[in-house]
2 protein chains.
Amino acid sequence: MELHQEAAERLASSGRRYTRTRRRLVDILAKAGMPLSLPAIVRGRKNLPQSSAYRNLAELETAGLIRRVASEDGFARYELAEELTGHHHHLMCSRCGQVQDLHIPAPLERRLDRTLDVLAREAAFATVRHRLDLIGLCRACGST
Amino acid sequence: MELHQEAAERLASSGRRYTRTRRRLVDILAKAGMPLSLPAIVRGRKNLPQSSAYRNLAELETAGLIRRVASEDGFARYELAEELTGHHHHLMCSRCGQVQDLHIPAPLERRLDRTLDVLAREAAFATVRHRLDLIGLCRACGST
DNA sequence: ATGAGAATGGGAATGATTCTCAATGCGTCG
DNA sequence: CGACGCATTGAGAATCATTCCCATTCTCAT
């Protein structure tokens, strides 16, 4: 996987190492394809102590490899940085907290980007990115 | 203000009261016009104990009058519910955490809504709303 | 008034996350 | 190969926003 190359290099460039645990975390997040909470990351996995998981997620975040997203339920979520996965959005269930990745049509995305750029410029904001999430009830929660 | 009418009624309908502290919180948020953290709400104000502020904000939230937004810096932010203020977005500085309200052009908003509705339906999500935030560097932070 | 239930506020408790630190691993250079 | 330097590990302690507790106070309906 080219992903690990990238990761190793980025860490090395600041004197850090791409250890087994770090690779493992990257794998977990890559495989999941959705933002995971720490409990979800750790649950059912051996030799992945909480403190190490937290520390390494933070490490990977400052290396720009993963992104931490605050969430309403008290548990932050972690996902691969968009630089690695491509830009995307989220569809989240406000009842059960489930999150899934979502891509929106490129034309809309482009228009969004253009418009937001203008608005940001007007407000004197620099280097803007956006975050767009859908919040609703998933099939399971919606049918109750 | 019609706002307080609405608030009083909603609380009353579930056997709660629109007390002085609650009205005060609503006023603070209405006047601010941007999401405030609890420290920001309480700072410099007398007779507004932390525990009461937290409790009442939670109360107002379950009454649907205010919205609580998780944020990266550890402090949740509170703002009036969109039902009271109208739909809007945020422009937030990733360095200093400052947040300001932002309105986007109605046509874009409509197109966004239509598209997202379709996507939500495809994913079997119900009663969807969206959240769109701009994240960048404010003038002060950007010029360093 | 008066009683029932809502609200208050000070402090204790909770719980996710971060910090600490002794022990260990890894790489490099002689 | 050996050994030093430095990053990493992991178990538990510490932090800190937020929630909970509860005795007291307030409000409203009768």
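Note on naming: letters A, B, ... go to the chains in the order of the sequence lines (proteins, then strands), and numbering restarts at 1 for each one.
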**Student:** Please test B:R55 against B:S52 for side-chain hydrogen bond (donor to acceptor under 3.5 Å, both in side chains), starting from the C-alpha separation and ending with a verdict.
**Tutor:** CA-CA 5 Å; B:R55 177 165 27 75; B:S52 297; 3.3 Å; yes
**Student:** Round to the nearest Å and state the distance from A:L48 atom CG to D:dG10 atom P.
**Tutor:** 8 Å
**Student:** What is the separation between atom OH on A:Y54 and atom P on C:dA16, rounded to the nearest whole Å?
**Tutor:** 7 Å
**Student:** Check whether the side chains of A:H130 and A:E109 place a donor and an acceptor atom closer than 3.5 Å, and report yes or no.
**Tutor:**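 The answer is yes; a qualifying pair exists.
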**Student:** Using Watson-Crick or G-U wobble pairs with both distances under 3.5 Å, give me DNA chain C in dot-bracket, 5' to 3', with [ ] for crossers and | for pairs to another strand.
**Tutor:** ||||||||||||||||||||||||||||||
**Student:** So which pairs with a foot in residues 52-77 of chain A pass ring pair (Phe, Tyr, Trp, His ring centres under 6.0 Å), sequence neighbours left out?
**Tutor:**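 Output for this query is empty, none listed.
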**Student:** Near DNA chain C, under 4.0 Å by heavy atom, which residues of residues 59-78 of chain B?
**Tutor:**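 Output list: empty, so none.
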**Student:** Quickly work out the B:Q50 CD to C:dT8 C1' distance and round it to whole Å.
**Tutor:** 15 Å
**Student:** Quick one: list whatever passes side-chain hydrogen bond (donor to acceptor under 3.5 Å, both in side chains) with B:E61, sequence neighbours left out.
**Tutor:** none
**Student:** When the distance from CZ of A:R20 to P of C:dG25 is rounded to whole Å, what number comes out?
**Tutor:** 10 Å
**Student:** Suppose we screen for side-chain hydrogen bond (donor to acceptor under 3.5 Å, both in side chains). Which residues come up paired with A:T62, at least two apart in sequence or across chains?
**Tutor:**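 Here the qualifying residues are A:R16.
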**Student:** Is there a donor on the side chain of B:T19 or the base of C:dA7 sitting less than 3.5 Å from an acceptor on the other?
**Tutor:** no
**Student:** Can you tell me if the side-chain N/O atoms of A:S51 get under 4.0 Å from OP1 or OP2 in D:dT9?
**Tutor:** no
**Student:** Show me the protein contacts with nucleotides 4-7 of chain D, counting only N or O atoms at under 3.5 Å.
**Tutor:**
from	atom 1	to	atom 2	distance (Å)
D:dA7	O4'	A:R17	NH2	3.3

**Student:** Just jot down the side-chain hydrogen bond (donor to acceptor under 3.5 Å, both in side chains) partners of A:E72, sequence neighbours excluded, or say none.
**Tutor:** none
**Student:** Which side-chain N or O atoms in residues 21-29 of chain B pair as donor and acceptor under 3.5 Å with protein atoms at least two apart or in another chain?
**Tutor:**
from	atom 1	to	atom 2	distance (Å)
B:R22	NE	B:N56	OD1	2.7
B:R22	NH1	B:R17	O	2.8
B:R22	NH2	B:N56	OD1	3.2
B:R24	NH1	B:K46	O	3.1
B:R24	NH1	B:N47	O	3.2
B:R24	NH2	B:K46	O	2.9
B:D27	OD1	B:H4	NE2	3.0

**Student:** Taking for each residue the nucleotide of DNA chain D bearing the nearest heavy atom, is the 5' side occupied by B:A58 or by A:P49?
**Tutor:** A:P49
**Student:** Quick one: side-chain hydrogen bond (donor to acceptor under 3.5 Å, both in side chains) partners of A:R67, sequence neighbours excluded?
**Tutor:**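 Checked A:R67 against side-chain hydrogen bond (donor to acceptor under 3.5 Å, both in side chains); matches are A:E79.
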**Student:** From NZ of B:K46 over to P of C:dG10, roughly how many Å is that when rounded to an integer?
**Tutor:** 15 Å
**Student:** Under the salt bridge (charged side-chain N to carboxylate O under 4.0 Å, His left out) test, which residues partner A:D113, sequence neighbours left out?
**Tutor:**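 Partners of A:D113 under the salt bridge (charged side-chain N to carboxylate O under 4.0 Å, His left out) test: none.
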**Student:** Ignoring backbone atoms, test whether B:S52 places a side-chain nitrogen or oxygen under 4.0 Å from the OP1 or OP2 oxygen of C:dT8.
**Tutor:** no
**Student:** Check the surroundings of atom CZ in B:R20: do more than 12 heavy atoms from other residues, nucleotides or ligands lie under 6.0 Å from it?
**Tutor:**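 Check fails, neighbour count at 12 or below.
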**Student:** Between A:L57 (CG) and C:dC19 (P), how many Å, whole number?
**Tutor:**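 Spelled out: CG on A:L57 to P on C:dC19 is 14 Å.
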**Student:** When Ile, Leu, Val, Met, Phe, Trp and Tyr are grouped by side-chain heavy atoms lying under 4.5 Å apart, directly or through other members, which residues fall in the same group as A:L132?
**Tutor:** A:L91, A:L102, A:I104, A:L108, A:L112, A:L116, A:L119, A:F125, A:V128, A:L134, B:L91, B:L102, B:I104, B:L108, B:L112, B:L116, B:L119, B:F125, B:V128, B:L132, B:L134
**Student:** Which whole-number value in Å describes the distance from B:R55 CZ to C:dA6 C1'?
**Tutor:**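 So the two atoms are 10 Å apart, to the nearest Å.
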**Student:** Considering only Ile, Leu, Val, Met, Phe, Trp and Tyr, and joining two whenever side-chain heavy atoms are under 4.5 Å apart, list the other residues clustered with B:I135.
**Tutor:**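 Result for B:I135 is B:M92, B:V99.
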**Student:** Measure CZ/A:R45 against C1'/D:dG10 and give the value in whole Å, please.
**Tutor:** 18 Å
**Student:** Taking 4.0 Å as the cut-off, does a side-chain nitrogen or oxygen of B:N56 come that near to OP1 or OP2 on C:dA7?
**Tutor:**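 For C:dA7, OP1/OP2 do not have a side-chain N/O of B:N56 under 4.0 Å.
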